[in-house]
Amino acid sequence: MPDLVLCAAAVVILDIFAGRAKTAEGKLQVEMAQLKYRASHFSGMGKALSRLGGGIGTRGPGETKLEVDRRRIYSKIHDIEEQIDGMKKSRSLHRKRRKESQIPLVALVGYTNAGKSTLLNKLTGSEVFAEDKLFATLDPTTRHLQLPEKQEILLTDTVGFIQKLPHTLVKAFRATLEEVQEADLLLHVVDCSNENLEAQIEAVVAVLKELEADGKPVLYVFNKADRLDNPHIREQLLHGRDGVFISAMTGENLDGLQRRIEGFFQESQVRMTLLIPYDEGAAVTKLHKLNAVVETAYEETGTKVEVRLPLSEKDNFSKYELKE
């Protein structure tokens, strides 16, 4: 019975995914997941169909058709995998450029319908599709965000997770969830008004383990806090967790969330005031490429810049530092 329930759930999920996919890659991933799901059920079907009209030493007509269908499906899966692989290589180039720019990547993860897309929209002023539905987001969406103290990040939304997400679906959507693996920080968005939130948290953690992303730094974002009537619940939820309470819908404490994100990245950075001679403009150019410049002023002897640098870059610019 449990296997039948999981099979039924997989079919429903795939149908929902098919209706949510908007990008070319999203549609291809849905189609591949559907094909792989069908292929995984051929073995059982073959035994049943082989009994149709088959005698000793002969092959049933149903089984012959089954083999043809199987070949077509695996051929189609191969074609789709090649297309997705091409898209993956393209994304790798974009990711390489992002890393060179030193802009951190923050990924929103969480149980489906926890409010990730609404949060992305509120923080970045975007218009990503967000609705009170399961799997409202399928295709990952990345937006630029400047935090209060001018720290820049890339914020990406991902597909919502569910309990007992079939392994074949996780595997098929691994490309969509690549951003989770590449993220510098995960924001685990939780619907804190849901009575099953602990089970939902466990489900998300399980998928992160399968994606080999469970070692990433995590900040729990307890969303829909405006629906909490009992203030003691907040204390219980924070026990043993690094988290912040917000309401993406009302905007409650979004500034606090941004300060927490900024604080996370500032811990691994150093702030410096530099004076760079005008004939060494290449150093200023490099600082911009590192996305390190906070403020710029032009002095008589050179360019004065307030910077926030990765610790690994401090020694490269220490000769320009202005000491107070």
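What you see is a predicted model, and the numbers here were worked out from it, not measured in a lab.
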Atom of [X], atom of [Y] and distance for their closest heavy-atom approach:
{"X": "V180", "Y": "A107", "result": "CA-CB, 4.3 Å"}
{"X": "L309", "Y": "K314", "result": "CD1-CA, 4.5 Å"}
{"X": "I103", "Y": "E152", "result": "CG2-O, 3.8 Å"}
{"X": "L123", "Y": "L145", "result": "O-CD1, 3.1 Å"}
{"X": "K216", "Y": "E182", "result": "NZ-C, 4.0 Å"}
{"X": "H144", "Y": "L154", "result": "CA-CD2, 4.1 Å"}

Considering only heavy atoms from C-beta outward, does the side chain of [X] approach that of [Y] to under 4.5 Å?
{"X": "K224", "Y": "E252", "value": "no"}
{"X": "L120", "Y": "K116", "value": "no"}
{"X": "L186", "Y": "L108", "value": "no"}
{"X": "Q200", "Y": "V190", "value": "no"}
{"X": "L119", "Y": "I246", "value": "yes"}
{"X": "L287", "Y": "F317", "value": "yes"}

Between E82 and H78, do the side chains contain an N or O donor and an N or O acceptor separated by less than 3.5 Å?
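Yes, H78 and E82 have a side-chain donor paired with an acceptor closer than 3.5 Å.
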
Counting neighbours of NZ on K304 that are heavy atoms of other residues, nucleotides or ligands and sit closer than 6.0 Å, is the number greater than 12?
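Check fails, neighbour count at 12 or below.
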
Do other residues, nucleotides or ligands put more than 12 heavy atoms under 6.0 Å from the CZ atom of R234?
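Atom CZ in R234 is packed in, count exceeds 12.
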
So, [X] side chain and [Y] main chain: donor-acceptor pair closer than 3.5 Å or not?
{"X": "E212", "Y": "Q181", "result": "no"}
{"X": "Y320", "Y": "L275", "result": "no"}
{"X": "E262", "Y": "Q151", "result": "yes"}
{"X": "T303", "Y": "E299", "result": "no"}
{"X": "S75", "Y": "R71", "result": "no"}
{"X": "N223", "Y": "V189", "result": "no"}

Please step through salt bridge (Lys or Arg N to Asp or Glu O under 4.0 Å) for the pair R260 and D242, ending with a clear verdict.
CA-CA 10 Å; R260 291 295 305 274; D242 185 16; 2.3 Å; yes

Criterion side chain to side chain contact (heavy atoms under 4.5 Å, CB included) on V244 and N253, from CA distance to verdict:
CA-CA 8 Å; V244 58; N253 202 30; 3.2 Å; yes

The test is side chain to side chain contact (heavy atoms under 4.5 Å, CB included); show your working for D184 and V106 and say whether it passes.
CA-CA 6 Å; D184 300 291; V106 178; 6.0 Å; no

Just how far is it from atom [atom1] of [X] to atom [atom2] of [Y], taken to the nearest 0.5 Å?
{"X": "T118", "Y": "K122", "atom1": "OG1", "atom2": "NZ", "value": "9.0 Å"}
{"X": "L35", "Y": "R72", "atom1": "CG", "atom2": "CZ", "value": "13.0 Å"}
{"X": "L105", "Y": "T142", "atom1": "CG", "atom2": "OG1", "value": "6.5 Å"}
{"X": "T124", "Y": "I153", "atom1": "OG1", "atom2": "CD1", "value": "9.5 Å"}
{"X": "C192", "Y": "I233", "atom1": "SG", "atom2": "CD1", "value": "8.5 Å"}
{"X": "Q266", "Y": "E149", "atom1": "CD", "atom2": "CD", "value": "5.0 Å"}

Going only through I, L, V, M, F, W and Y residues with side-chain contacts under 4.5 Å, is there a path from [X] to [Y]?
{"X": "M249", "Y": "L187", "result": "no"}
{"X": "L238", "Y": "V204", "result": "yes"}
{"X": "F265", "Y": "V294", "result": "no"}

Could you name each residue pair satisfying ring pair (Phe, Tyr, Trp, His ring centres under 6.0 Å) that touches residues 201-231, not counting sequence neighbours?
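For residues 201-231: H188-Y220, F222-F245.
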
Answer yes when K286 and E313 have at least one side-chain N-carboxylate O distance shorter than 4.0 Å, and no when they do not.
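Salt bridge between K286 and E313, a charged N being under 4.0 Å from a carboxylate O: yes.
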
Could you please spell out the steps behind the side-chain hydrogen bond (donor to acceptor under 3.5 Å, both in side chains) verdict for Q258 and D255?
CA-CA 5 Å; Q258 293 184 72; D255 55 341; over 6 Å; no

Carefully, step by step, assess D226 and T250 under the rule side-chain hydrogen bond (donor to acceptor under 3.5 Å, both in side chains).
CA-CA 8 Å; D226 54 306; T250 67; 4.9 Å; no

For E198, which residues count as a side-chain hydrogen bond (donor to acceptor under 3.5 Å, both in side chains) partner, sequence neighbours excluded?
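E198 satisfies side-chain hydrogen bond (donor to acceptor under 3.5 Å, both in side chains) with R241 once adjacent residues are dropped.
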
Go through the steps to decide whether T273 and V305 satisfy the test side chain to side chain contact (heavy atoms under 4.5 Å, CB included), and finish with yes or no.
CA-CA 6 Å; T273 301; V305 283; over 6 Å; no

Determine, stepwise, if the pair L274 / V284 fulfils side chain to side chain contact (heavy atoms under 4.5 Å, CB included).
CA-CA 10 Å; L274 310 177; V284 178; over 6 Å; no

